[in-house]
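This report refers to the structure that appears directly beneath it.
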Amino acid sequence: MEGYNHKEIEKKWQEKWEADNLYKTEDQAKTADGSPKENFYTLVEFPYPSGNLHVGHWYAFAVPDIFARFRRMRGYNVLYPIGFDSFGLPAENAAIKRGLDPKEWTYSNIDYMSGQLKSMGNMFDWSRKVVTSDPEYYKWTQWLFIELFKKGLVYKKKGLVNWCPSCQTVLANEQVLTHSTDSEQVATCERCGTEVTKKDLEQWYFKITDYAERLLKDLDGLDWPEPIKESQRNWIGKSEGAEFSFQLSGVSFQENQSSALSYVMGVDDITSDLKKIGVEIFEKTPSGDYKVTVPKNKLRDFEGLISEKLKPGFWNEYIADETVFIFKDQTGEIKRFIWDEANEAELLQLCNEYAKANFSSIRGMLEGNEWYREKLEAHSRQLEAVRVFTTRADTLFGVTYIVLAPEHELVQSLVNSQKPIVENAEEVKKYVEEAKKKTEIERTDAKKEKTGVELQGIKAIHPATGEEVPVWVADYVLAQYGTGAVMAVPAHDERDFQFAKTYNLAITDVIADREEGRALTEYGTVINSHEFDGLTSEEAKEKITEKYGTKKITYKLRDWLLSRQRYWGCPIPIVYDPEGKPHPVPEEHLPWVLPTDNIDYTPKGTSPLGSSKELVERTEKIFGKGWRPEIDTMDTFVDSSWYFLRYTDPHNDQSFADKNMQKSWMPVKRYSGGAEHTTMHLLYSRFFHKALYDLGLVNESEPFKNRMNRGLILGPDGQKMSKSKGNVVDPGPHVERVGADTVKTYLAFIGPYNEVGQYPWDLGGIAGVRRFLERVWKLQEIVTTDEDSKEIHILLNQTIKKVTEDIESYKFNTGISQMMILVNEVEKVKKISKHTYKTLLQLLAPFAPHLTEELWEKMGHKNSIHIESWPQYDSSKLIGDEVTYAIQINGKLRGELRVARDTEESDVVTMAQDIQGIKERIRDKQVLKTVFVKGRLVNFVIEI
RNA sequence: GCCCGGGUGGCGGAACUGGUAUACGCGCACGACUUAAAAUCGUGUUCCGAAAGGGGUGCGGGUUCGAUUCCCGCCCCGGGCACCA
């Protein structure tokens with residue numbers, strides 16, 4: 001017999017499988033007898049074409065292949081596809097570094113890595129390969145983007161965004177990693193590890209926050225490991241609490257009204273822009289209102305400016321069933337508004353601004369409208385009050401001051417009005433400026449001392465007691481969370497307490513007598529006189545909210561920032577008309593291709609697409625003079641948010657994926673991937689899929705029924721693999737030396753796959769697995785025509801059962817152990833029946849597909865082992881006729897007894913008493929109790 | 001700080017529903033084969049102890065005839081969130 005030559009065998013079978021199309025996945029498949037097979041979709045996260053496979057890729061792709069093959073042998077029509085997530089920064093960076101075209105670099109990597117992936121011998125159906133940078137693919141990314149745009153789920157807004165100075169692009173919240181050390185907090189870029197800064201930019205967003213509640217609630221129905229769900233829940237960050245309104249004394253409605261325009265429009269931002277286009281700033285009229293003088297020839301510019309500055313969703317032209325409002329000033333038409341119930345709030349705000357800017361004719365028109373009057377009144381009340389969000393409504397009576405975030409709109413309006421009512425307006429302005437200059441990190445570092453400044457001259461009125469409390473501005477309050485303002489309860493909140501100590505503010509403890517919510521300090525004045533005393537915290541929360549506030553729910557989740565100022569990505573299919581209004585590129589012009597001319601890839605913080613003449617010319621040619629293209633590209637997570645749908649129908653040029661085709665595969669039955677995607681790709685995909693579900697484009701509201709997060713392969717030194725540590729394991733030489741089957745089986749053997757474990761790559765371990773496969777190879781020498789012994793037969797049955805269950809639950813390690821036990825046993829008796837060998841090969845086939853295929857052929861089989869059906873076990877033959885009883889005295893093992901399985905209890909006990917070592921121990925003692933567990937143990941309880 | 005996991009030999013890890021803790025593999029030791037080494041095969045390998053025996057699944061308690069498993073209180077490690085009110 002020749003030895004186990006993995007090189008020859010693996011090459012031979014990989015070629016044969018390809019020639020035979022063994023792994024081609026049909027849309028619908030039939031069994032030999034003509035009945036349809038059930039479709040089964042199992043997925044692995046597709047790789048980024050970085051240039052070279054490392055051992056982590058093997059772990060990610062080769063090990064789940066065991067499960068896919070197993071399911072196939074069990075009679076399912078299995079889809080186990082592969083592709084490339086091929087847009088993205090590394091390609092662009094590599095291109096810059098090497099002076100290459102990112103496209104060339106990417107596609108040559110795809111070629112090279114495809115070869116490497118094929119060397120694994122997985123059952124991928126390469127004809128379904130999906131590459132996200134192919135125009136045939138990204139056409140549909142763009143198409144889906146536009147569908148979401150039409151649904152109002154994509155919008156543009158200006159705001160503080162995360163900026164990676166190294167990648168020279170913005171990042172979504174999810175793509176910023178925060179690390180905390182003893183002394184400071186650091187936020188870094190998920191891709192390159194550079195410290196992230198903030199920029200004030202106008203960017204495109206997906207409205208993922210609209211789905212916060214559903215993303216949270218639907219987790220319950222998913223068959224995912226609990227820790228993954230928990231991470232998503234944390235990330236979404238739901239808080240149930242209450243909102244209270246604190247009226248402001250010293251602030252008149254008039255004052256607020258007069259400054260309303262400035263704060264909504266964001267005077268600071270718009271002033272210089274207005275100057276640039278030659279528009280006079282706000283002029284006060286005798287009635288106390290403000291007026292913007294816009295020369296007729298500047299009207300366009302003005303409109304463009306405010307349309308950008310004001311909420312962009314409002315300019316969406318897809319609103320149906322509209323009522324049109326025309327707003328005019330003395331010089332002519334300013335803007336045509338489309339009235340939409342869904343956008344009431346935004347419309348109202350806008351109406352207000354125009355009204356207050358003294359466009360008197362419109363004001364008259366508006367004031368005649370009952371709906372508007374009602375809203376105006378409500379809005380005015382809002383302006384006079386500070387709304388706060390709290391999860392501790394029960395501490396309402398402990399409020400001793402109010403704090404606004406520096407960005408709070410009220411702060412803007414109070415200090416920026418012409419005649420500020422805040423006495424120390426200059427001081428406040430200075431503080432706000434300084435806060436803005438600080439990085440997010442500096443500001444959100446809880447370890448730093450808190451700073452703030454009081455708004456002198458105004459007070460907030462406590463909604464329950466009517467008392468006046470001071471109003472402060474401090475940067476420990478976050479503008480983006482809740483209402484951007486908090487009611488401070490220093491007796492019960494650590495942060496408020498610190499702040500109160502620093503600025504010597506009152507500390508009142510109101511609920512010190514309650515079991516829960518014990519006060520932080522003894523400094524406070526204890527008052528226990530309010531009507532809610534004696535209630536539990538929960539009761540008090542409810543009652544107080546009911547009487548003085550409203551229930552409110554908030555989430556930490558922020559909208560998904562999708563624009564990127566880089567070249568190698570899917571172009572955002574938006575064009576702007578000469579007035580600056582965004583329009584989606586019509587379907588007939590998709591794919592809206594990535595330009596290839598004049599591109600300077602060097603990151604300058606602006607989009608490389610801006611230097612493409614072709615893109616501008618294309619835009620003007622199609623849409624007309626003065627139209628300009630969007631020059632940002634999409635976050636690559638958009639590409640990967642739907643790729644799993646494309647696999648179901650990869651060559652469709654009429655639709656992103658036929659709905660019937662989806663129906664036969666979706667949802668993904670098992671999805672394996674890395675833990676790092678828990679709050680990125682997995683969350684994005686769920687959002688995307690839900691949005692598509694609402695649009696009627698997919699059949700299910702959740703894409704992934706079952707998820708398995710895999711662990712990490714560490715370097716041989718037990719450290720995380722990294723180039724800088726020089727401990728990266730290249731699987732190539734190992735595959736050369738011991739073969740793909742050994743590497744794959746070893747990776748499956750090191751530990752359970754479905755837990756986020758960390759396993760060091762251990763060369764000794766891999767040698768052990770290679771030995772095991774060689775022993776399986778050598779078993780062919782001792783195959784006999786004899787029947788198995790009873791013991792071997794039982795062991796075989798147990799092995800089938802164990803391997804079956806373990807593959808199903810991704811516990812490959814114990815499945816392999818069981819096969820090793822079987823091999824150990826047959827080696828001991830130096831023979832193996834043909835039936836047992838055949839069964840062993842079938843069980844091992846998913847782990848070592850090449851080796852088993854070769855041995856299968858050597859046994860004389862004509863068809864591939866991989867289309868064989870999975871062995872069945874005989875459940876009546878799982879246990880032998882004899883059992884071993886453990887004989888204990890007072891719970892300590894003192895002997896063993898091997899008897900026939902069906903021996904009566906009394907006989908077992910009698911025999912047990914007679915065993916050497918038991919006999920003398922119980923001779924002089926009284927047996928108080930005898931515990932008998934059938935088939936397991938006898939325990940004599942004696943006095944000590 | 002809040003919320004999840006987890007802690008078992010020298011190492012990766014097993015252990016049903018509370019029932020013989022340490023399966024399987026690595027490593028190590030000894031032996032066989034060999035001039036020798038590698039490879040291979042065999043034997044042993046939880047700790048203390050020569051043995052008898054005793055201890056032992058992070059620590060301390062508890063429940064039980066019996067606890068890695070259940071309960072209470074701690075410690076440590078990994079992960080998620082975090083000035084989120």
Side-chain angles (χ1 to χ4, degrees), chain A residues 3 178 180 185 225-239 241-242 388-393 395 403 405 443-448 450 474-478 480-489 492-496 498-499 554-557 675-676 678-679 709 714 718 746 749-752 755-769 771-772 774-775 778 811 813-824 827-828 884-897 927-942:
Chain A
T178 54
S180 192
Q185 288 184 29
E226 202 49 44
I228 308 180
K229 293 194 198 179
E230 202 52 38
S231 293
Q232 288 209 353
R233 286 189 194 109
N234 282 340
W235 185 258
I236 295 166
K238 180 176 182 173
S239 285
V388 297
F389 173 75
T390 180
T391 53
R392 292 294 305 278
T395 63
V403 196
R443 281 187 52 178
T444 58
D445 191 345
K447 286 151 196 150
K448 297 247 164 75
K450 295 182 174 29
D475 66 5
Y476 80 89
V477 173
L478 303 176
Q480 320 90 308
Y481 186 76
T483 59
V486 300
M487 56 179 225
V489 188
H492 290 274
D493 185 282
E494 185 65 41
R495 299 151 299 182
D496 297 340
Q498 280 178 28
F499 191 75
T554 57
Y555 302 89
K556 288 182 205 163
L557 185 71
E676 69 277 15
T678 303
T679 52
N709 272 7
L714 303 176
Y746 166 65
F749 186 61
I750 52 179
E755 281 163 29
V756 185
Q758 306 210 324
Y759 308 111
W761 175 264
D762 167 18
L763 289 174
I766 200 167
V769 170
R771 270 199 283 274
F772 166 65
E774 278 174 7
R775 281 155 68 193
K778 281 186 201 144
K811 288 178 182 168
N813 54 333
T814 48
I816 295 167
S817 295
Q818 185 64 37
M819 288 188 279
M820 286 173 168
I821 292 169
L822 177 67
V823 171
N824 288 346
E827 278 181 343
K828 261 182 214 158
T884 305
Y885 276 87
I887 313 302
Q888 301 177 332
I889 290 174
N890 286 349
K892 277 196 171 38
L893 183 70
R894 295 297 179 188
E896 286 187 350
L897 180 66
V927 177
L928 302 170
K929 191 174 173 186
T930 303
V931 182
F932 176 82
V933 181
K934 178 96 181 146
R936 292 213 169 263
L937 59 79
V938 179
N939 185 13
F940 297 109
V941 183
I942 61 172

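In what follows, every heavy atom counts, from backbone to side chain, and hydrogens, waters and symmetry copies are set aside. In the text below, chain A, chain B and the rest are named by the order of the sequence lines, each starting its count at 1.
The separation between A:Y555 atom OH and B:A82 atom C1' is 19 Å, rounded to whole Å. Counting to the nearest Å, the C1' atom of B:U64 and the CG atom of A:N890 are 13 Å from each other. Remark: P of B:A23 and CG of A:L822 are 18 Å apart, rounded to the nearest angstrom. A:Q480 places its CD atom 12 Å from the C1' atom of B:C83, with the value rounded to the nearest Å. Atom CG in A:L478 sits roughly 16 Å away from atom P in B:C81 (whole-Å rounding). To the nearest angstrom, C1' of B:A67 lies 13 Å from NZ of A:K892. Residue A:K811 contributes atom NZ, which lies 18 Å from atom P of B:A23 at whole-angstrom precision. Taking atom CE of A:M819 as the reference point, atom P of B:A23 lies 19 Å away to the nearest angstrom.
If you check every strand for non-hydrogen atoms under 4.0 Å, A:V486 touches a base. At the heavy-atom level, A:G482 lies nowhere under 4.0 Å from the strands shown. Using a 4.0 Å heavy-atom distance criterion, A:I821 is classed as a sugar-phosphate-only contact. Residue A:T884 is in base contact, counting any heavy-atom pair closer than 4.0 Å across all strands shown. A:Q888 comes within contact range of at least one nucleobase, with a heavy-atom separation under 4.0 Å. Using a 4.0 Å heavy-atom cutoff across all strands shown, A:P225 reaches no nucleic acid atom at all. Within the 4.0 angstrom heavy-atom criterion, no nucleotide atom of any strand lies near A:K229.
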Inset, instruction - Dump the intermediate steps for salt bridge (charged side-chain N to carboxylate O under 4.0 Å, His left out) on A:R771 and A:E774, then the final yes or no. - result: CA-CA 5 Å; A:R771 270 199 283 274; A:E774 278 174 7; over 6 Å; no
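In terms of modelled atom types and a separation under 3.5 Å, the side chain of A:Y885 and the main chain of A:G935 share a donor-acceptor contact.
Across every strand in view, B:G53 sits in a pair with B:C48 that passes the Watson-Crick or G-U test at under 3.5 angstrom. A 3.5 Å limit on both hydrogen-bonding distances identifies no Watson-Crick or G-U partner for B:U63. Base pairing of B:C24: its partner is B:G12, meeting the Watson-Crick or G-U wobble criterion (both donor-acceptor distances under 3.5 Å). Nucleotide B:U69 is matched to nothing when pairs are restricted to Watson-Crick or G-U wobble geometry with both distances under 3.5 angstrom. Of all nucleotides present, only B:C41 satisfies the Watson-Crick or G-U wobble test against B:G31, with each distance under 3.5 Å. Across all strands shown, B:U17 remains unpaired; no Watson-Crick or G-U wobble contact has both distances below 3.5 Å. Across all strands shown, B:C4 is found opposite B:G78 as a Watson-Crick or G-U wobble partner, with both distances under 3.5 Å.
Rounded to the nearest 0.5 angstrom, A:L714 CG and A:Y759 OH are separated by 10.0 Å. Here NZ of A:K450 is found 9.0 Å from CG of A:D496. Values are rounded to the nearest 0.5 Å. Distance check: A:T678 OG1 to A:E230 CD gives 12.0 Å after rounding to the nearest 0.5 Å. Here the CG-CG distance, from A:N939 to A:L893, works out to 10.0 Å after rounding to the nearest 0.5 Å. Taken to the nearest 0.5 Å, the CG atom of A:L937 stands 12.0 Å off from the OG1 atom of A:T884. To the nearest 0.5 Å, atoms CD (A:E827) and CG (A:L822) are separated by 10.0 Å.
For the P atoms, the distance from B:G56 to B:G9 is 14 Å, rounded to whole Å. Taking atom P on both B:A29 and B:G19, the two are 38 Å apart, rounded to the nearest angstrom. Straight-line distance between the P atoms of B:G58 and B:C76: roughly 16 Å, to the nearest whole Å. Spacing of P atoms, B:A14 relative to B:G25, comes out at 15 Å, to the nearest Å. As rounded to the nearest Å, B:U68 and B:G13 have C1' atoms that lie 14 Å from one another. Taking atom P on both nucleotides, B:G10 is separated from B:G6 by 23 Å, rounded to a whole Å. B:C71 and B:U63 have their C1' atoms separated by 7 Å, with the value rounded to a whole Å. When the P atom is used for both B:A39 and B:C30, the distance is 15 Å, rounded to whole Å.
Nearest to the side chain of A:V931, among B:G80, B:C65, B:U20, sits B:C65. Checked against B:U20, B:C81, B:G19, the side chain of A:N939 finds its nearest nucleotide in B:G19.
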Legend entry - Protein-to-nucleotide contact annotation, 5' to 3' order, nucleotides 38-46 of chain B [B base; S sugar-phosphate only; - none; under 4.0 Å, heavy atom]: --SS-----
Legend entry - B/S/- contact track for nucleotides 3-12 of chain B, protein heavy atom under 4.0 Å: BS-------B
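In this structure, A:I887 and A:F940 have side chains that are in contact, with non-hydrogen atoms separated by less than 4.5 Å. Under the 4.5 Å side-chain criterion, counting only non-hydrogen atoms from C-beta, A:T395 is in contact with A:M487. Residues A:N890 and A:V941 form a side-chain contact, since some pair of their non-hydrogen atoms from C-beta on lies under 4.5 Å apart.
Under 4.0 angstrom from either OP1 or OP2 of B:A85 there lies at least one side-chain N or O belonging to A:S239. Note on A:R936: every side-chain N or O is 4.0 Å or more away from OP1 and OP2 of B:A15. OP1 or OP2 of B:A14 lies within a sub-4.0 Å distance of a side-chain N or O belonging to A:N813. In terms of phosphate contacts, A:N824 brings a side-chain nitrogen or oxygen within less than 4.0 Å of OP1 or OP2 of B:G25. Not one side-chain nitrogen or oxygen of A:Y476 sits closer than 4.0 Å to the OP1 or OP2 atom of B:A85.
Glycosidic conformation of B:G9 is syn; the angle stays within 90° of 0.
Both A:E896 and A:M820 sit near RNA chain B, but only A:E896 has its closest nucleotide nearer the 5' end. Both A:V769 and A:V941 lie close to RNA chain B; mapped to their nearest nucleotides by heavy-atom distance, the more 5′-ward contact belongs to A:V769.
If you check the side chains of A:D762 and A:Y746, you find no donor sitting under 3.5 Å from an acceptor.
What you find for A:A488 and A:V403 is that their closest heavy atoms are CB-CG2, 4.2 Å.
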